[in-house]
Amino acid sequence: GRIDIEVPLVNADKKLLEQVFKAYYGRSFSKSERRSIPTDFSLATCDIIRLSRENSSSNSFIDNVLRRFESLSVCKKD
């Protein structure tokens, strides 16, 4: 089915990540999932949408979002 959500074309923060998560997986983050997302989380919205389509399970989605965020964070430090 089609999911309609309004997505701003800026880097997504933790709040927008949770909105996308809820739209795709039909539930909010659990407490442990919410704690696993860093407070300084920022990732291109298009990356989050792409990852949500590529990951059928919510756990693999979160793992891959965090992996992508961490890989970009390492690049910024260099």
Side-chain angles (χ1 to χ4, degrees):
R2 183 176 144 171
I3 299 174
D4 290 322
I5 59 173
E6 187 174 316
V7 180
L9 297 177
V10 296
N11 273 5
D13 59 8
K14 194 172 182 174
K15 183 177 178 180
L16 182 57
L17 175 63
E18 185 162 10
Q19 290 174 342
V20 171
F21 181 88
K22 190 171 186 175
Y24 277 92
Y25 300 104
R27 65 176 182 82
S28 297
F29 286 148
S30 67
K31 287 181 183 180
S32 64
E33 290 167 337
R34 192 172 287 111
R35 282 191 304 264
S36 72
I37 309 297
T39 55
D40 64 341
F41 178 83
S42 179
L43 191 62
T45 304
C46 60
D47 282 340
I48 292 173
I49 300 299
R50 179 182 53 79
L51 289 167
S52 67
R53 291 181 178 171
E54 291 175 354
N55 294 277
S56 58
S57 83
S58 58
N59 290 337
S60 63
F61 170 72
I62 291 172
D63 290 344
N64 287 313
V65 163
L66 291 175
R67 201 170 290 124
R68 177 75 175 142
F69 170 71
E70 290 165 2
S71 71
L72 293 174
S73 296
V74 168
C75 292
K76 289 179 185 177
K77 292 177 184 175
D78 292 342

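This one's a predicted model, so the numbers in the text were calculated from it and none came from an experiment. We use all heavy atoms of the structure for the numbers below, so side chains are in, but hydrogens, waters and symmetry mates are not.
- Considering CG of Asn64 and CZ of Phe69, their distance stands at 15.0 Å, rounded to 0.5 Å.
- Here Arg27 pairs with Glu33, Ser58 under the side chain to side chain donor-acceptor pair (under 3.5 Å) rule; sequence neighbours left out.
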Candidate pair Leu17 and Ile48, rule side-chain contact (heavy atoms from CB on, under 4.5 Å), full reasoning: CA-CA 7 Å; Leu17 175 63; Ile48 292 173; 3.9 Å; yes
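- Residues satisfying the salt bridge (charged side-chain N to carboxylate O under 4.0 Å, His left out) test with Asp63, not counting sequence neighbours, are none.
- Residues passing the side chain to side chain donor-acceptor pair (under 3.5 Å) test with Ser57, sequence neighbours excluded: Ser60.
- Under the ring-ring contact (aromatic ring centres under 6.0 Å, His included) criterion, Phe29 pairs with Phe21, not counting sequence neighbours.
- One finds the OG atom of Ser28 at 10.0 Å from the CD atom of Gln19 (value rounded to the nearest 0.5 Å).
- The minimum heavy-atom distance linking Asn11 with Thr45 is given by the pair C-OG1, 4.2 Å.
- The salt bridge (charged side-chain N to carboxylate O under 4.0 Å, His left out) test applied to Arg53 returns no partner, not counting sequence neighbours.
- Counting heavy atoms from C-beta outward, Leu66 and Pro38 have side chains that approach closer than 4.5 Å.
- Going from atom CZ of Phe41 over to atom CG of Asp13 covers 8.5 Å, rounded to the nearest 0.5 Å.
- Taking the six-membered ring for Trp, Tyr24 and Phe61 have ring centres at least 6.0 Å apart.
- With contacts defined as side-chain heavy-atom distances shorter than 4.5 Å, the pair Val20/Ile49 qualifies.
- Distance check, rounded to the nearest 0.5 Å: CZ of Arg67 to CD1 of Ile62 gives 12.0 Å.
- For Arg50, the salt bridge (charged side-chain N to carboxylate O under 4.0 Å, His left out) partners are Asp47, Glu54, not counting sequence neighbours.
- Using a distance-only test at 3.5 Å, with no hydrogens or angles considered, a donor-acceptor pair links the side chain of Lys14 to the main chain of Arg34.
- How far NZ of Lys15 is from CD1 of Ile37: 16.0 Å, rounded to the nearest 0.5 Å.
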